[in-house]
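Note that this is a predicted model, so its numbers are computed, not measured.
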Amino acid sequence: MVEVRILRENTPKAITALEKRGIETAEQMIREVIELDDQRKELQSKTDALLQKVNEQSRAIGDLYKQGMTSEANEAKELVRQWKVDITAFQEEMDAVMSNLEHALLAMPNLPHDSVPAGQDESDNEVVELHDHFGTDSEDWYKPHWELMEKYDIVDLALGAKITGSGFPVYKGQGARLQRGLIQFFLNEAVSAGCLEVIPPYVVNADSARGTGQLPDKDGQMYYVQKDDLYLIPTSEVPLTNMFRNEILEAAKLPFKLTAYSPCFRREAGSYGADVKGLNRLHQFDKVEMVVISHPENSYEMLDWMVNHTKKLLEKLELPYRVVRLCGGDLGFTSALTYDFEVYSVAQKRWLEVSSVSNFETYQSNRMKMRYRNDEGKTELVHTLNGSVLALPRIMAAILEKNQTKTQIDLPEVIKPYVGFDCIK
RNA sequence: GGUGAGGUGGGUGAGUGGCUUAAACCAUCAGUUUGCUAAACUGACGUACCGCAAGGUACCGAGGGUUCGAAUCCCUCCCUCACCGCCA
């Protein structure tokens, strides 16, 4: 959630930022939060003052009893009882204000970074880089990846549907080996770049889901295990970032750079149409993720570092791609700045999102109370970032389509040692 | 799933209703002393909120309750450990 401090310190700027998301009531939302916070402060002062009197009086009562002054003690007790009625009333009021404040803050998305363009939806996103030197030309005979999957019998959606349901693919033979090789490749690259490799739990509790912002706003998107009150992770961002929930980190040890492979589970309720064909959208998919816990001062340098890392991966895989800066309307709820990476699908003739690299600034760390100690010994919130490096299905789709010949699929050089063969046939 | 024992600051650990404002020790930091290191001594040493400040309030796994007053008594839940059962 947004820090109230930021809203107070530069209210006009915060309003402008929030309006970039297309929220017309931005000013009203922000004023309401500040107003509630004022109320909270006032109630806190009043309650504390009264509690102080009760504490002092209670100690006095103890002394009176020791001196055997029972009747005086009983009179004093009556006084305390009356104060406690007031305290209870204040506390109820306080609970109500806190609850309203919490709701107002949970309903408020992160403030977009200065560089984020205003806009409604993905058509307003800004293409900041285009790298098509690996070719975006298509031949008439090119088959889309779902036909190639069937032709070479490497990914079987129908079989997955039989075992589980639609959107749960079965990778077979060279398909399975390519998938495994890509995961290994992505992990190795992340580790070489200085990340700590982690194997996290694939199921998390509600506190963790709340910490990274999946709850309450993406409740319906996650698979939920009712009996144990646990959620299947939609991305390993959730367990990785929550490793540091409620921790105070040493400034000298920042940044923490983590990477993990995990399957990702998404219900994707409500999605339909051509977008979901083949590997384009699945309920279970594989992804290698990178999470960075950064000092606030250099979080945007870390963001650039992650962007560059992702670019290198796509270069090595010899895929045409572009980098897109999301506009306010398309920006994720918790993000301040997001770059999407899209690879070109030569058979589908469209761009497919394969990575999303974001800086959340203090939005997640505020919710999670993730702090570091500054030079003066005070605690401050860290910045959190994450990015996909990379999501597997669409990468596989793009590789299959781009490298197809009439008789086989050649693999990019870099991946050959990882899979142990040169082509799929 | 069953039985039992537990959960107190960075760590160990005392604390069965008011002398706890959470002792003591260890660790850490600063200072003194000192060829260096070490030792010794002195001091500092949790988090959050309110307050310009002085200061105040809350927190002893979590949430309720009893009481003038709760780390301490009561209730519910969570977690950890041990053993048993099941099991890759």
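Pair assignment for B:A5 gives B:U80, based on Watson-Crick or G-U wobble hydrogen-bonding distances that are each under 3.5 Å. Base pairing analysis places B:U47 opposite B:A58; the two distances defining the Watson-Crick or G-U wobble pair are each below 3.5 Å. Nucleotide B:A40 forms a pair with B:U32, judged by Watson-Crick or G-U wobble geometry with both contacts under 3.5 Å. With a 3.5 Å ceiling on both atom-pair distances, B:C19 lacks any Watson-Crick or G-U wobble partner. B:U12 is paired with B:A24 under the criterion used here, namely a Watson-Crick or G-U wobble arrangement in which both key atom distances are under 3.5 Å. In this structure B:A70 sits in no base pair that meets the Watson-Crick or G-U test at under 3.5 Å. Partner assigned to B:A53 is none, using Watson-Crick or G-U wobble distances below 3.5 angstrom. Of all nucleotides present, none satisfies the Watson-Crick or G-U wobble test against B:G85 with each distance under 3.5 Å.
Each of A:Gly62 and A:Ser45 was assigned the nucleotide of RNA chain B with the nearest heavy atom; the assignment lying further toward the 5' end belongs to A:Gly62. The residue among A:Lys41 and A:Lys77 whose nearest nucleotide of RNA chain B is located toward the 5' end is A:Lys41.
Among B:G51, B:U47, B:U57, the nucleotide with an atom closest to any side-chain atom of A:Gln52 is B:U57. If you check B:U57, B:C49, B:U47 against the side chain of A:Gln44, the one that comes closest is B:C49. With B:C68, B:C49, B:A58 as the choices, the nucleotide that has an atom nearest any side-chain atom of A:Arg40 turns out to be B:C49.
Between B:A71 and B:G64, the distance separating the two P atoms is 15 Å to the nearest Å. B:U3 sits 26 Å from B:U72 when the P atoms are compared, rounded to a whole Å. Separating the P atom of B:G31 from that of B:C81 is a span of 42 Å, rounded to the nearest Å. To the nearest whole angstrom, the two P atoms, one in B:G4 and one in B:U12, are 26 Å apart. Here the separation of B:G2 from B:C86, taken at their C1' atoms, is 12 Å to the nearest Å. Nucleotides B:G11 and B:A23 have their P atoms positioned 16 Å apart, rounded to a whole Å. A gap of 9 Å separates the P atoms of B:A40 and B:A27, to the nearest Å. Taking the P atom of each, B:U21 and B:U16 are spaced 15 Å apart, rounded to whole Å.
Under 4.0 angstrom from either OP1 or OP2 of B:U57 there lies at least one side-chain N or O belonging to A:Asn55. One finds a side-chain N or O of A:Thr379 lying less than 4.0 angstrom from the OP1 or OP2 phosphate oxygen of B:A48. Regarding contacts with the backbone of B:C68, a side-chain N or O of A:Arg81 is found under 4.0 angstrom from either OP1 or OP2. When the side-chain nitrogen and oxygen atoms of A:Arg371 are compared with OP1 and OP2 of B:U47, none of them lie within a distance under 4.0 Å.
Near RNA chain B, defined here as any heavy-atom distance below 4.0 Å, the residues from residues 82-95 of chain A are A:Lys84, listed numerically.
Nucleotide B:C50 holds its P atom 14 Å from the CD atom of A:Gln39, rounded to whole Å. Separating the CD atom of A:Glu3 from the P atom of B:A48 is a distance of 13 Å, rounded to the nearest angstrom. In this structure, A:Tyr65 atom OH and B:C19 atom C1' are separated by 19 Å, rounded to whole Å. As a whole-Å value, the separation of A:Asn246 CG from B:A62 P is 11 Å. If you measure from atom CG of A:Asn74 to atom C1' of B:G69, you get 14 Å, rounded to the nearest angstrom. When the P atom of B:A54 is taken as reference, atom CG of A:Asp48 falls 16 Å away, rounded to whole Å. For the pair A:Glu380 CD and B:A48 C1', the computed distance is 15 Å after rounding to whole Å. B:A48 atom C1' lies 9 Å from atom NZ of A:Lys369, rounded to whole Å.
One finds a salt bridge joining A:Glu42 and A:Lys46 here, because a Lys/Arg side-chain nitrogen approaches an Asp/Glu carboxylate oxygen to under 4.0 Å. Between A:Arg81 and A:Glu78, at least one side-chain nitrogen of the basic residue sits less than 4.0 Å from a carboxylate oxygen of the acidic one, meeting the salt-bridge criterion. Salt bridge status for A:Asp340 with A:Arg325: absent, with no side-chain N to carboxylate O gap under 4.0 Å. Comment: A:Glu189 engages A:Lys316 in a salt bridge, judged by a side-chain N to carboxylate O separation of less than 4.0 angstrom. Between A:Glu35 and A:Arg31 there is no salt bridge, since none of the side-chain N atoms of the basic residue sits less than 4.0 Å from a carboxylate O of the acidic one.
Nucleic acid contact class of A:Ile61 (heavy atoms, under 4.0 Å, all strands): base. Within 4.0 Å of A:Asp63, counting heavy atoms only, lies no atom of the nucleic acid at all. Note on A:Thr47: nothing from the nucleic acid sits closer than 4.0 angstrom, heavy atoms only. If you check every strand for non-hydrogen atoms under 4.0 Å, A:Ile248 touches sugar and phosphate atoms only.
Because its NZ or CZ atom is not both nearer than 6.0 Å to the ring centre of A:Trp146 and within 45° of the ring axis, A:Lys151 does not count as a cation-pi partner of that residue.
Judged by distance alone, the side chains of A:Glu3 and A:Thr362 do bring a donor and an acceptor atom under 3.5 Å apart. In this structure, a donor-acceptor pair under 3.5 Å is present between the side chains of A:Lys287 and A:Thr235.
Aromatic rings from A:Tyr223 and A:Tyr231 are positioned such that their centres are separated by 6.0 Å or more. Between A:His383 and A:Tyr300, the distance separating the two ring centers is not shorter than 6.0 angstrom.
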